[in-house]
Amino acid sequence: MLLFFRTLPPAESVIVLPSSLALTSQPSPAIVTQDAVRRLPRWALLLLCIVYVVPGYVGRAPWKNADIASFGYMLSLTEAGHWREWLRPSMMGIAAEDGVLLPYWIGAWAIQWLTPLGVATELAVRVPSALMLAGTLAATWYAVYHLARHPNAQPVAFAFGGEAKPLDYARALADGSLLALIATLGLAQFSHEAAPAVARLFFGALMFYGLAALPSRAWAAPLSLLASTVGLALSGAPLTAAIYTGLSMAALAWPGAVHAGMPTRWRGFGILLALLALVIGLGWALELFRWQLAPWRGSLRDWQSLGRSLLWFTWPAWPLVLWTLWRWRRQLLSLRQQRHLGLPLLIASVPVLTTVATLAGDRALLLGLPALAALAALALPTFRRSAAALIDWFTLLFFTGWAIVIWVVWLAMETGVPAKPAANVARLAPGFEPVFQWPAFIAAIAGTLGWIVLVRWRTGRHRTALWKSLVLPAAGATLCWLLLMTLWLPALDYGRSFAPQMREVRALVGDAPCVEVHGLGPPQVAAVRIHGGWQPMPARGPVSCPWLLVDVDAQASLPATVNIHHWRLEERVRRPTDDNESLMVFRRVVTP
């Protein structure tokens with residue numbers, strides 16, 4: 001993550017001149033002075049990234065479903081006895097997600113390397129994910145930095161000089177894209193899991209950088225493309241990697257597609273062709289290609305649900321993207337010559353279409369967020385002062401309101417006052433006992449004070465900067481995430497993990513050497529292993545255990561699996577926050 005904070009040429013401050021002060025012939029809609037690209041302090045950007053990345057990875061239990069299931073597969077790989085088992089990750093005979101290998105390998109290696117050093121297993125599997133999230137932020141910054149240096153992305157040249165310098169302008173847009181990415185609502189939860197989606201996000205951002213830097217970086221770009229292609233192929237997205245490389249090859253082969261000499265152009269074409277052959281070969285050899293078309297959404301409700309998902313997941317990037325497409329609409333007519341527009345559109349369109357056409361859901365959209373943030377940043381040099389003020393005030397009210405809600409609910413959990421929020425928490429999480437944690441409280445106080453200082457700075461009278469309109473959205477999203485992962489973390493752990501349910505089961509089962517399970521999915525099997533501390537065995541398997549755990553929805557098929565007369569139902573244990581997730585606990589009464 002520190003890579004994108006290296007020293008760049010210094011810049012001064014920024015304002016956006018009205019169009020009357022620029023040349024009448026505008027090759028681009030961006031009208032930016034050198035004063036408008038003044039430097040965003042590196043320490044502030046680094047601090048924002050740290051505060052965004054760290055909470056959610058430290059101090060919490062694995063949540064259901066993908067988070068704890070991935071943890072279970074990683075833990076199982078550490079006990080694999082043959083290298084072939086690493087090519088088919090499984091947990092108690094339940095195969096992992098089709099085509100996903102590398103994320104589980106990385107997690108298993110982290111367990112093997114870090115736990116001997118005293119690192120807790122739950123933290124060890126999150127270290128690679130945290131590094132990949134940081135790498136995603138860095139790759140996005142550098143991708144936009146290279147795209148913004150493209151001649152067609154540069155602002156209008158003024159008749160008497162004074163327009164933004166190319167490198168300073170590129171750095172300002174890169175800062176804006178990073179802020180837009182952090183501000184995106186859909187990034188927070190899924191990017192803080194130890195799940196394959198985080199690896200796909202990182203390798204997708206790395207491919208974005210490699211394609212953006214290909215004309216100017218002789219070694220860094222090809223190496224990034226190699227790593228990202230292999231990473232996507234082994235993380236469950238080989239088809240996405242193939243589409244990206246194939247379409248990029250087509251763009252390079254198109255006449256006038258890039259402002260580069262023929263040797264550079266055909267060198268890039270050759271690199272992409274080799275990568276395309278590599279991903280196809282990997283996919284064919286390891287049987288990685290999978291494509292699940294979603295059933296046709298025949299009802300209005302299905303389409304409304306999809307639309308709501310797209311709108312909230314990509315907020316606030318999508319309104320800025322629409323504004324970018326409108327203000328840069330003339331450049332879209334010659335898209336093959338506009339790398340700063342064409343490449344982000346290519347990278348973003350594939351995940352969006354995948355979400356519509358397959359069963360991948362919101363997690364597929366993660367791949368498109370870096371590119372959407374790049375397009376959102378291109379809206380910044382076209383904003384009028386009134387639009388920037390509207391964004392600032394809306395963001396200020398929105399995130400301040402949510403911060404107040406989080407603090408009030410936390411106070412209700414701790415003290416019972418106000419009574420109504422306290423009653424709502426008791427209803428939604430019956431049996432939850434709040435725990436006051438000084439480190440979390442201090443972090444929440446520090447984050448809130450930082451927000452107050454930032455708001456005061458933003459509403460003060462001083463010259464504007466190109467990236468300034470996205471400071472409050474990014475900081476507000478980070479503040480709310482920090483408050484949730486500190487003040488609300490005990491309640492969220494209670495409501496979103498299997499730990500409370502497993503504690504109740506353990507009160508019955510005790511320190512049994514193993515438990516048999518029937519009808520449990522991968523997240524529940526992993527919870528039995530991680531939270532319960534037992535070795536789960538399939539019912540009627542080669543090993544007989546004194547206890548049997550059955551999912552309540554699978555009780556009808558239980559007599560076909562075991563001799564029901566050999567077992568006695570002891571108790572039904574529900575997950576406190578969900579009546580539909582209950583386990584039936586049986587004790588063996590007849591030894592086979």
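Using cut-offs of 30° and 60° on the angle between ring planes, the pair W105 and W109 is tilted.
Remark: R529 engages E79 in a salt bridge (Lys or Arg N to Asp or Glu O under 4.0 Å) (not counting sequence neighbours). In this structure, the side-chain contact (heavy atoms from CB on, under 4.5 Å) partners of T136, at least two apart in sequence or on a different chain, are T140, L181, L201, F202, A205, P370. Considering only residues two or more places apart in sequence or on other chains, Y104 meets the ring-ring contact (aromatic ring centres under 6.0 Å, His included) condition with Y73. For P523, the side-chain contact (heavy atoms from CB on, under 4.5 Å) partners at least two apart in sequence or on another chain are N65, I68, A69, F498. Residues that satisfy the side-chain contact (heavy atoms from CB on, under 4.5 Å) test with A164, not counting sequence neighbours, are V32, Q34, V37, P155, Y169. Among residues two or more places apart in sequence or in another chain, the salt bridge (Lys or Arg N to Asp or Glu O under 4.0 Å) test is passed with R363 by E193. Legend: residues meeting side-chain contact (heavy atoms from CB on, under 4.5 Å) with V51, ordered by chain and number and at least two apart, are L47, T478, L482. W63 is linked by a ring-ring contact (aromatic ring centres under 6.0 Å, His included) to nothing, counting only residues two or more places apart in sequence or in another chain.
Minimum interatomic distance between A194 and S129 (heavy atoms only, all atoms of both residues): CA-OG, 3.4 Å. Across all their heavy atoms, A218 and P222 have their closest contact at O-CG, 3.2 Å.
For residues 80-89, every residue pair satisfying the salt bridge (Lys or Arg N to Asp or Glu O under 4.0 Å) rule, not counting sequence neighbours, is listed here: R88-E287. Sorted by first then second residue, the ring pair (Phe, Tyr, Trp, His ring centres under 6.0 Å) pairs that include residues 172-194, not counting sequence neighbours, are Y52-H192, Y57-H192, F190-F313, H192-W481. Residue pairs that meet the ring pair (Phe, Tyr, Trp, His ring centres under 6.0 Å) test with at least one member in residues 204-223, sequence neighbours left out, are H146-Y209.
Put simply, the side chain of R42 reaches to within 4.5 Å of the side chain of L45, judged on heavy atoms. At least one side-chain heavy atom of L101 sits under 4.5 Å from a side-chain heavy atom of P89. Side-chain contact between D168 and R39 is absent, with no heavy atoms from C-beta onward closer than 4.5 Å. Under the 4.5 Å side-chain criterion, counting only non-hydrogen atoms from C-beta, P196 is in contact with E97. In this structure, W312 and D362 have side chains that are in contact, with non-hydrogen atoms separated by less than 4.5 Å. At a threshold of 4.5 Å between non-hydrogen side-chain atoms, the residues L365 and L372 do not count as touching. Contact of the L232 side chain with the V279 side chain is not registered, since no non-hydrogen atoms from C-beta on lie closer than 4.5 Å. Between P166 and R149 there is no side-chain heavy-atom pair separated by less than 4.5 Å.
Rounding to the nearest 0.5 angstrom, the gap separating the CG atom in L380 from the NZ atom in K468 is 13.0 Å. Separation of atoms CG (L133) and CG (L187) is listed at 6.0 Å; rounding is to 0.5 Å.
At least one donor-acceptor pair under 3.5 Å links the side chain of T324 to the backbone N or O of L375.
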Please lay out, stage by stage, how T382 and W323 fare under the test side-chain hydrogen bond (donor to acceptor under 3.5 Å, both in side chains). CA-CA 9 Å; T382 68; W323 182 257; 3.0 Å; yes
Could you list the donor-acceptor pairs under 3.5 angstrom formed by side chains in residues 345-353, with sequence neighbours left out?
residue, atom, partner, partner atom, Å
S349, OG, L345, O, 3.0
S349, OG, L346, O, 3.0

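Between D67 and R60 there is a salt bridge, with a side-chain nitrogen of the basic residue lying less than 4.0 Å from a carboxylate oxygen of the acidic one.
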